[in-house]
Protein chains: 2
Amino acid sequence: MKKNKTKEGEIFLQLLKNRGLSFTRQRKIIFEHIIKNHDHFEVKHIIEALQKRKLRVSRATVYRTLAHLEDCRLIRKMDLGHGHSHFEHILGYKHHEHLCCEKCGKIVEFGDSILEKRIKKILELNLFNKTNHNVRILGICKNCQK
Amino acid sequence: MKKNKTKEGEIFLQLLKNRGLSFTRQRKIIFEHIIKNHDHFEVKHIIEALQKRKLRVSRATVYRTLAHLEDCRLIRKMDLGHGHSHFEHILGYKHHEHLCCEKCGKIVEFGDSILEKRIKKILELNLFNKTNHNVRILGICKNCQK
DNA sequence: TTATAAATGAGACTGAGTCTCAATATCATA
DNA sequence: TATGATATTGAGACTCAGTCTCATTTATAA
């Protein structure tokens with residue numbers, strides 16, 4: 001199986017190696033598809049997109065591969081309150097949080113150092129790990145306020 | 001059907017009246033059970049507790065009644081990242097947010113005016129409604145950090 | 001009392017995600 | 001290159017929360 005020269009590729013291959021796992025056809029397909037598309041994504045979209053390209057990979061394998069990609073911190077699983085998981089890339093992206101509209105599902109990414117500072121304080125006060133957190137704010141966006 | 005004299009009772013009866021609905025046996029059972037227990041709760045727990053007390057109410061009716069109680073702002077539905085909804089009382093309780101441990105599910109309520117102020121600013125900057133929001137912070141609690 | 005409308009319960013259904021297991025693929029090494 | 005041990009896959013069964021349907025029951029207003 002041809003090696004992948006990107007930084008992401010190295011990280012993924014390293015994780016597989018450390019775990020004694022192989023870079024199979026399916027893992028390659030899923031990995032490359034995700035790395036190519038630098039957006040928020042959902043499992044359903046991955047499966048549909050691969051089907052369109054006639055690259056048959058089972059649902060179970062997609063879930064299994066996403067879990068590996070999460071483990072090596074290439075992607076992050078998020079619960080944005082839609083009843084299913086969303087994922088986003090981490091590598092090369094600055095830490096940020098998500099603001100979502102409860103009505104239409106609109107997602108806004110934002111970074112805010114004042115908020116982050118206060119969150120850390122709150123985590124500390126409650127004896128939670130300060131470095132590991134994620135914040136989700138639900139609200140109503142402009143369009144949905146009418 | 002006997003009237004309920006509490007403030008919560010008045011609010012619920014008023015909502016039902018406004019909607020042309022009646023205070024049925026089932027609604028009474030569910031309402032009184034919830035009002036009596038001032039805690040976070042889950043649908044499953046409500047159903048189990050009522051079954052134990054031999055008060056048979058169907059799952060569908062529990063969900064329907066909770067929706068009414070939410071509509072009249074006696075309770076609030078929350079997604080704490082457990083894969084199912086949690087509810088909490090609102091009436092008589094100060095606004096607060098939730099901090100949850102991603103590993104063990106521990107829930108901590110907290111109120112923090114600095115955080116709230118900053119959240120409002122963020123909502124404003126992103127053209128979201130300032131008064132209607134809820135924040136969920138996921139992290140790792142002390143016990144789970146080991 | 002009766003017509004009209006609302007309410008209920010049972011269970012079918014949905015959709016995300018997990019699990020199982022037989023068949024297949026991969027890898028290190030002989 | 002062949003082999004055996006191990007990992008991997010796909011198909012579909014399964015779970016679980018939540019929703020929906022619809023026939024039957026209950027409440028309300030006149």
Side-chain angles (χ1 to χ4, degrees), chain A residues 1-4 12-31 33 40-51 54-71 75-87 102 105, chain B residues 1-4 12-31 33 40-51 54-71 75-87 102 105:
Chain A
M1 201 61 76
K2 197 170 56 182
K3 282 217 176 162
N4 194 304
F12 188 36
L13 285 171
Q14 192 57 51
L15 174 101
L16 293 175
K17 198 176 165 190
N18 291 344
R19 294 186 172 182
L21 307 178
S22 33
F23 194 40
T24 60
R25 187 184 69 86
Q26 288 87 341
R27 287 182 181 144
K28 191 169 193 287
I29 288 171
I30 297 165
F31 169 76
H33 179 86
H40 283 177
F41 61 88
E42 305 172 21
V43 173
K44 207 175 59 177
H45 296 160
I46 298 288
I47 292 170
E48 284 168 2
L50 294 181
Q51 271 173 351
K54 310 283 181 201
L55 301 168
R56 191 77 50 80
V57 178
S58 75
R59 196 165 29 121
T61 297
V62 171
Y63 277 104
R64 290 187 278 232
T65 304
L66 289 173
H68 288 310
L69 292 172
E70 235 194 308
D71 288 348
I75 63 175
R76 166 159 85 133
K77 191 199 283 192
M78 304 174 295
D79 166 12
L80 299 179
H82 294 201
H84 61 264
S85 296
H86 282 243
F87 291 84
E102 282 187 284
Chain B
M1 201 62 75
K2 196 170 57 182
K3 284 217 174 161
N4 194 304
F12 187 37
L13 285 171
Q14 192 58 50
L15 174 102
L16 293 175
K17 197 175 165 189
N18 291 345
R19 295 185 170 180
L21 307 178
S22 34
F23 193 42
T24 61
R25 186 184 68 88
Q26 288 87 341
R27 286 182 181 145
K28 190 169 192 287
I29 288 171
I30 297 164
F31 169 77
H33 179 85
H40 282 177
F41 61 88
E42 306 172 20
V43 173
K44 208 175 59 177
H45 296 161
I46 298 290
I47 292 171
E48 284 167 3
L50 293 181
Q51 270 172 353
K54 310 282 180 201
L55 301 168
R56 191 77 51 81
V57 179
S58 74
R59 194 164 31 121
T61 297
V62 171
Y63 278 104
R64 290 186 279 234
T65 303
L66 288 174
H68 289 308
L69 292 171
E70 233 193 309
D71 289 346
I75 63 175
R76 165 159 88 131
K77 191 200 282 192
M78 305 175 294
D79 166 11
L80 299 178
H82 293 202
H84 59 265
S85 297
H86 283 242
F87 292 84
E102 282 188 281

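If you're wondering where the values come from, they're calculated on a predicted model, not measured in any experiment.
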With the sugar-phosphate defined as primed atoms, P, OP1 and OP2, and the base as all remaining atoms, what B/S/- string results for nucleotides 9-20 of chain C, 5' to 3', for protein heavy atoms under 4.0 Å? BB-B---SBBBB
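- To the nearest angstrom, P of D:dC16 lies 13 Å from NE2 of B:H45.
- Taking atom CG of residue A:L21 and atom P of nucleotide C:dA28, one finds them 12 Å apart after rounding to whole Å.
- Looking only at side-chain heavy atoms (C-beta outward), A:R27 and A:L21 come within less than 4.5 Å of each other.
- Taking atom CZ of B:R27 as the reference point, atom P of D:dT26 lies 15 Å away to the nearest angstrom.
- Scanning all heavy atoms of the two residues, the minimum distance from B:S85 to B:K77 falls at OG-CD, 3.6 Å.
- Rounded to whole Å, the distance from NZ on B:K17 to P on D:dT28 is 12 Å.
- Residues B:L50 and B:I30 approach most closely at CD1-CG1, 4.1 Å, considering heavy atoms.
- Annotation: side chain of B:F31 is not in contact with side chain of B:L16 (no heavy-atom distance under 4.5 Å).
- Side chains of A:T65 and A:F12 form a contact here, defined as non-hydrogen atoms less than 4.5 Å apart.
- Contact annotation: B:T24 side-chain N/O to C:dT8 OP1/OP2 distance is under 4.0 Å.
- One can place CG of A:L16 at 17 Å from C1' of C:dA28, the figure rounded to the nearest angstrom.
- B:L66 places its CG atom 16 Å from the C1' atom of C:dA7, with the value rounded to the nearest Å.
- One can place NZ of A:K28 at 17 Å from P of D:dT8, the figure rounded to the nearest angstrom.
- Across the protein-nucleic acid pair, A:F23 atom CZ and D:dT9 atom P stand 11 Å apart, rounded to whole Å.
- Distance check: A:L66 CG to A:E70 CD gives 8.0 Å after rounding to the nearest 0.5 Å.
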